[in-house]
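Just below is one structure, and these are the notes that go with it.
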Amino acid sequence: MRECAIKLVGDNIEVQVFVSQADKCTFITPSETNITFPKEGGSKEITIDTDGASVAVDCSDFAGSLEGKLEGNKLMVNCPANDGGSKNGAIKLSCDEITNVIMVTIEGSICPRCNGTGKVKCKKCGGSGKYWVDEFPNPYQVGCKSCGGGGSAGEWGGGIRRGSGQMPCPDCGGAGH
């Protein structure tokens, strides 16, 4: 809040005009708009440029797995180690009607492709464990050898053993992390 008085002085007259200005925020500008933390966690300091008197920091996208605290014009962001999957969200900065965000990625220990299972859908059979061989005039099914199946259900009535429909994840080598 700003206040001042303007004194107007003339011939035998003096008038004071009082002026006040509310402290309304017009901008919030972080020095970084995208940050990434490794799965081991860490801390980052981000400078916040604003004319607002009290900027609120909201880290609710991370439900306790990230903390942001404004100290003067410095936003201190602390992230603990992440043993789960990667997380994405925003730190919301707000004051009066002004809002800005910092997008945050927290890398995780769990493989994002297989979600920690170590397995993905077999590309050869699409996860069914078998597929059709389109052989004219008699198409037949075979067990997918790529995911552990075998045999066929052809015209001679051979046995079919379905595959699991899953393969080791190529990103994590089947480890899940």
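All residue numbers refer to positions in the sequence shown, counting from 1.
Considering only residues two or more places apart in sequence or on other chains, Q16 meets the side-chain hydrogen bond (donor to acceptor under 3.5 Å, both in side chains) condition with none of them. Looking at residues two or more places apart in sequence or on another chain, you find no salt bridge (Lys or Arg N to Asp or Glu O under 4.0 Å) involving D51. T47 pairs by the side-chain hydrogen bond (donor to acceptor under 3.5 Å, both in side chains) definition with K74, not counting sequence neighbours. For N88, the side chain to side chain contact (heavy atoms under 4.5 Å, CB included) partners two or more places apart in sequence, or in a different chain, are T105. Residues passing the side chain to side chain contact (heavy atoms under 4.5 Å, CB included) test with C172 are C111, C114, C169, sequence neighbours excluded. For R161, there are no side-chain hydrogen bond (donor to acceptor under 3.5 Å, both in side chains) partners, not counting sequence neighbours. S60 is linked by a side-chain hydrogen bond (donor to acceptor under 3.5 Å, both in side chains) to D58, counting only residues two or more places apart in sequence or in another chain. For P80, there are no side chain to side chain contact (heavy atoms under 4.5 Å, CB included) partners, not counting sequence neighbours. Residues satisfying the side chain to side chain contact (heavy atoms under 4.5 Å, CB included) test with D61, not counting sequence neighbours, are A90, K92.
Side-chain atoms of S164 come within 3.5 Å of backbone N or O of C147 as a donor-acceptor pair.
Residue K44 holds its NZ atom at 12.0 Å from CE of M76, rounded to the nearest 0.5 Å. With rounding to the nearest 0.5 Å, the separation of CE in M103 from CD in E32 is 14.0 Å. Taking CG of N100 as the start and SG of C25 as the end, the distance is 10.0 Å to the nearest 0.5 Å.
Residue pairs satisfying the side-chain hydrogen bond (donor to acceptor under 3.5 Å, both in side chains) criterion with at least one member in residues 107-116, sequence neighbours excluded, are listed as follows: R113-D171.
Side-chain contact between I160 and V142 is absent, with no heavy-atom pair separated by less than 4.5 Å. The shortest distance between side-chain heavy atoms of S65 and K87 falls below 4.5 Å.
As a member of the Ile/Leu/Val/Met/Phe/Trp/Tyr network built from side-chain separations under 4.5 Å, V104 groups with I28, I35, F37, I46, I48, V55, V57, F62, L66, L70, L75, V77, I91, L93, I98, I102, I106.
The heavy-atom pair separating C95 from G52 by the smallest distance is SG-CA, 3.9 Å. When every heavy atom of G174 is checked against every heavy atom of P168, the shortest pair comes out as CA-CB, 4.3 Å.
Neither L8 nor F18 shares a network with the other; the hydrophobic side chains, linked directly or stepwise wherever heavy atoms of I, L, V, M, F, W or Y lie under 4.5 Å apart, form separate groups for each.
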Please lay out, stage by stage, how N34 and T36 fare under the test side chain to side chain contact (heavy atoms under 4.5 Å, CB included). CA-CA 7 Å; N34 290 293; T36 299; over 6 Å; no
I'd like a table of donor-acceptor pairs (distance under 3.5 Å, sequence neighbours excluded) in which one partner is a side-chain atom from residues 118-137, with atom names and distances.
unit_1, atom_1, unit_2, atom_2, d
S128, OG, C125, O, 3.1
S128, OG, K130, N, 3.3
S128, OG, K130, O, 2.5

